[in-house]
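Read the structure below first, then the notes.
A note on names: the letters A, B, ... follow the listed sequences, proteins ahead of strands, and every chain is numbered from 1.
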Amino acid sequence: MKLVTCGLPYANGKAHIGHLRTYIPADVYVRYLRLKGEDVVFVCGSDSHGTPIVVNAEQQGLKPKELVDIYHEHFQEIFRNLKIEFDFYGRTDSDYHHERTREIVKKMIEKGYVYPKEIELAYCPNCERFLPDRYVEGICPYCGAEARGDECDQGCGRHLEPGEILKPRCKICGTPAVFRKQKHYFFKLSAFKDFLEDYLEKLKGTENALNYAKEWVRKELKDWCITRNLEWGVKFPGEEDLVVYVWVDAPIGYISFTEKACEKLGKDWREIWIEGKAEIIHFIGLDIVYHHCIFWPAMLKAADYALPSAVVASGMVKVEGKTFSKSRGYVVWVDEDYLNEGFNPDCLRYYVVNYTSHQKDLNFSWEVYKEKVNNELIATLGNFIYRVLHFAWRNFGEVKMNVDGEVVEQIRLAMEKIEEAIEKWEFKEASDAFMELASYGNVYFQNSQPWELIKNDPESAERAVASCLALVRALAILAYPVLPSTMEKIGKLIGLDVRKAKLEDALKIPDKIKVEKPFVPFEKIEDEKIAKMEKKLKERIEKAEKGVEERELVTIEEFGRLDIRIGRIIEAEKIKGSKKLLKLRIDLGGEIKQAVAGIAENYSEEELKGKLVVVLANIKPAKIRGVDSEVMVLAADVDGRAILLTPEKEVPVGVKVR
RNA sequence: GCCGAGGUGGCCUAGCUGGUCGGGGCGACGGACUCAUAAUCCGUAGGUCGCGGGUUCGAAUCCCGCCCUCGGCACCA
């Protein structure tokens, strides 16, 4: 038995193409497994807890549950449309999930893997509550950038433990927060270092996931704070005013959803999660490898549950060659950009699966989409199926299945390729295999020339058609996991129920096949449609760029607080061990100040000497890599490259900029 | 700087346990055909397989050094 899961979609935003990179391949995988006769349970559900949902709901005047309701329904609708069919799709704010979570946390406590610790937490005196995670805004203790309570999202990207953030403010009301002592609970992750090192050696899955995880474990494992001050979530056993951290309860959804799925399917979930009789395979995005390869197995081990056998991580998604980014507009929404535009769901499944290897970056481009649909799905696959069915239907109606042995051999080869590819989670290889078979079919049809034979030698014509029909029938089965809607309908035309078919049925050719009037399997994508979609995307990107520029306004007084002056660089020296940093001595007229600037990639020490630059003279001094920096050199930021500002005419050093 | 993944004809890409090492797809060009959604089929297009060394009888494939791209981290006052 196998259990396949997908990373739970967070129920506070709409489905986009990035999500599909996990769900479509997982669904394809499950369908192939079932085709091979494997017993599979396939589950997923909405991740309903956590601070962002609480904050979002509040901002929209909704209760958290109401917000989750919206996106829970939304995702299910998307999955229905794309034929991503889970045996059970749950949500983590349900009773059964809370029960399972509490049971597991209790077990972790009983076994001594959880301990309380007083930590200093941000508290908002105005809102009268503790500010967990993203309720807090402040300064990152590592890099000094503006940061959220749980993560330095603008700066170094580090994960922040509760209480670490500096200068915390309340995100809701902006009031400076005070630190108060609070008891929280920690999971002894550090105790699992040896276990994890060993476990990760045995864990299967894609290399991208395993490599990351091994590296992390090798470095350092810190104990993990697993409680939060929130109302919304799973109550922490024995401390009911605390809630379990969302990353503790979310993966437990894999278990609680399996319970429900098994109830439905008449199976015993314990065989999977307690007795370890099944293979557990997690499909995830690269961004949550840490949780699935480290936190999660440690938790399961602590609570005496079965361990996952494979973690399959997909590569990143790009849009028109650029890094996927909702805020910058590089996004393709599944509903408004695809389904609502009338595009065929099967075509998107094919694109996602066939663009590249599962581990590599997938680029979504409308131009490429058009090419793949028109040149591959239509010209190769659809055309072959249609020309054969149409010819058979018009000339024979029913065909005696006298099939060329060479054709049977080709089908067998394609099946083998698919089976091998699926073992490796290489869905592109699998889909290439049936496309090659279709291509072979086109050659076979072309060379046989049944349209000529039919004139004088109908029997030979029928034999040729029979062989091609055998290929069509095989294609309906082999391509079904990727193109379920289309292939189901194709199957019906030749009396085949592909939903009940097994892989080997592709070789069990019936004596006769009756062909019904066929339809065109895929509609051609027109250039105008693609142009329209590209325009839509472009406008979205432009709008996003503008949004960034429309900043809040600053008063002249506020600006006046900045002491910006012209200085002359008199010395420049590289800082050891750093690629970007230079130590500069700057003459500000009357005083020499030292600055550390990240400009070494664009400027050499020599060319800097004597250069006039613009300097922020009253910035708070800091130490960077152990070097004092008293002032800040201003520069234009061109995609992360620093371009220095310099006065257009020679001016005395020390003069004020305003 | 550290870790990971990569650099193969215009573009995407297979091969990377060393000897059919130069494949496939798209695009382009020429031809054939008409059953099929101007779809299909056949043929052609000369790319130092990132750079420089080395090992070997022989390397895209192994070793060393270097360059570049992407992702993660450090860091850019």
Side-chain angles (χ1 to χ4, degrees), chain A residues 142-145 155-159 207-216 218-219 286-287 289-290 315-316 318 323 354-357 359-361 363 365 367-368 371-395 428-429 432 435-436 438-439 441-454 461 464-465 468 518-526 575-582 593-601 615-625 627-635 637 640-642:
Chain A
Y142 299 103
C143 72
C156 63
R158 256 196 147 112
H159 168 80
E207 281 180 35
N208 53 356
L210 303 180
N211 285 344
Y212 275 107
K214 283 173 189 166
E215 181 59 20
W216 269 316
R218 213 187 51 190
K219 282 182 189 164
L286 215 43
D287 50 334
V289 167
Y290 196 88
M316 293 297 184
K318 293 183 170 199
T323 303
N354 189 263
Y355 181 86
T356 189
S357 154
Q359 287 189 61
K360 294 193 177 173
D361 289 354
N363 179 29
S365 143
E367 191 59 33
V368 176
E371 282 172 8
K372 288 191 84 70
V373 173
N374 289 353
N375 299 342
E376 298 173 26
L377 285 177
I378 293 178
T380 301
L381 181 66
N383 179 244
F384 174 66
I385 290 173
Y386 185 67
R387 73 197 292 202
V388 170
L389 292 180
H390 190 259
F391 192 87
W393 167 74
R394 214 179 56 183
N395 293 292
K428 175 172 173 55
E429 275 182 39
D432 280 345
M435 290 305 288
E436 281 162 21
S439 187
N442 273 322
V443 175
Y444 192 91
F445 195 94
Q446 193 76 15
N447 292 342
S448 311
Q449 299 196 310
W451 62 91
E452 282 296 326
L453 294 174
I454 194 79
V465 170
C468 290
F519 61 96
V520 172
F522 302 100
E523 290 299 328
K524 189 165 179 172
I525 309 288
E526 301 298 337
I575 291 178
K576 260 189 292 175
S578 171
K579 201 172 173 183
K580 288 185 179 176
L581 299 181
L582 284 177
K593 293 284 190 185
Q594 180 165 298
V596 175
I599 55 174
E601 286 180 315
V615 172
L616 178 56
N618 65 337
I619 190 162
K620 221 174 111 185
K623 261 193 194 223
I624 296 147
R625 280 205 154 254
V627 181
D628 284 312
S629 184
E630 303 167 297
V631 297
M632 173 173 170
V633 177
L634 303 185
D637 180 347
R641 302 238 149 207

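Across the interface with RNA chain B, nearest-nucleotide mapping of W216(A) and N442(A) shows N442(A) to be the residue nearer the 5′ end.
Between F445(A) and W451(A) the shortest side-chain heavy-atom distance falls below 4.5 Å. Using a 4.5 Å heavy-atom cutoff, the side chains of F384(A) and S439(A) are not in contact. Two residues are said to be in side-chain contact when any heavy atoms from C-beta on lie closer than 4.5 Å; N354(A) and E376(A) meet this criterion. You'll find the side chain of P518(A) reaches within 4.5 Å of the side chain of H390(A), heavy atoms only.
The side chain of F391(A) lies closest to C35(B) when the candidates are C35(B), C42(B), G72(B). Taking only side-chain atoms of E371(A), from C-beta outward, the nucleotide of C26(B), C70(B), U40(B) with the closest atom is C26(B). Among the nucleotides C41(B), U40(B), C26(B), the one closest to the side chain of S439(A) is C41(B). Closest to the side chain of K524(A), from the set U37(B), C35(B), G71(B), is U37(B). Side chain of A379(A), nearest nucleotide from G27(B), C35(B), A39(B): A39(B). Across C70(B), C41(B), G71(B), the shortest atom-to-atom separation from the side chain of Q446(A) is found for C41(B).
As a whole-Å value, the separation of I378(A) CD1 from U40(B) P is 10 Å. Whole-Å rounding puts the K318(A) NZ to C12(B) P distance at 11 Å. A straight line from CG of D432(A) to C1' of G24(B) spans 9 Å, rounded to a whole angstrom. Between W451(A) atom CH2 and C41(B) atom P there is a gap of 11 Å when expressed in whole angstrom units. L453(A) has its CG atom 16 Å from the P atom of C33(B), to the nearest Å. Residue N447(A) contributes atom CG, which lies 18 Å from atom P of A36(B) at whole-angstrom precision. Between N354(A) atom CG and C26(B) atom C1' the separation is 13 Å, expressed in whole Å. At whole-Å resolution of the value, CE in M435(A) and P in G25(B) are 12 Å apart.
Contact annotation for F384(A): no contact, since no heavy-atom pair falls under 4.0 Å across all strands. At the heavy-atom level, Q449(A) lies nowhere under 4.0 Å from the strands shown. Residue V596(A) is classed as a sugar-phosphate contact, given heavy-atom separations below 4.0 Å to backbone atoms only. If you check every strand for non-hydrogen atoms under 4.0 Å, A597(A) touches sugar and phosphate atoms only. Residue-level contact check: N383(A) touches the bases, meaning some heavy atom is under 4.0 Å from a base atom. Residue Y355(A) is classed as having no contact, given no heavy-atom separation below 4.0 Å to the nucleic acid.
Annotation: side chain to side chain donor-acceptor pair (under 3.5 Å) contacts of T380(A) (sequence neighbours excluded): none.
Heavy atoms only, all atoms of each residue included: V465(A) and A392(A) are closest at CG1-CB, 3.6 Å. The shortest non-hydrogen separation linking Y355(A) to D361(A) is CE2-O, 4.1 Å. Smallest separation of non-hydrogen atoms from V388(A) and C468(A): CG2-CB, 3.6 Å. A379(A) and N442(A) get closest at one heavy-atom pair: O-ND2, 3.9 Å.
Relative ring orientation between W216(A) and Y290(A) is described as perpendicular, the plane-to-plane angle rising above 60° on a 0-90° scale split at 30° and 60°.
Separation of the C1' atoms belonging to C57(B) and G10(B) is 38 Å when rounded to the nearest angstrom. The C1' atoms of C26(B) and C66(B) are separated by 34 Å, rounded to the nearest whole Å. If you take atom P in A39(B) and the same atom in G27(B), they sit 9 Å apart, rounded to whole Å. Nucleotides C35(B) and G22(B), compared at atom C1', are 38 Å apart to the nearest Å. Nucleotides C51(B) and C12(B) are separated by 24 Å at their C1' atoms, to the nearest Å. C41(B) and G24(B) are spaced 14 Å apart, taking the P atom of each and rounding to whole Å. If you take atom P in G6(B) and the same atom in U48(B), they sit 24 Å apart, rounded to whole Å. Comparing G46(B) with A28(B), their C1' atoms sit 15 Å apart, to the nearest whole Å.
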Taking only nitrogen or oxygen atoms into account, show me every contact under 3.5 Å that the protein makes with nucleotides 13-16 of chain B, one pair per line with its distance.
residue : atom : partner : partner atom : Å
A14(B)  : OP1  : K360(A) : NZ           : 3.1

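In RNA chain B, runs of at least 3 stacked Watson-Crick or G-U pairs (N1-N3 plus N6-O4 or O6-N4, or N1-O2 plus O6-N3, all under 3.5 Å) give these stems: B:1-7 with B:67-73, B:10-13 with B:23-26, B:28-32 with B:40-44, B:50-54 with B:62-66.
Side-chain atoms of E630(A) come within 3.5 Å of backbone N or O of Q594(A) as a donor-acceptor pair.
Applying the 4.0 Å criterion to OP1 and OP2 of A5(B), one finds that N211(A) has a side-chain N or O inside that range.
Counting non-hydrogen atoms of neighbouring residues, nucleotides and ligands closer than 6.0 angstrom, the CD atom of E523(A) reaches no more than 12 such neighbours.
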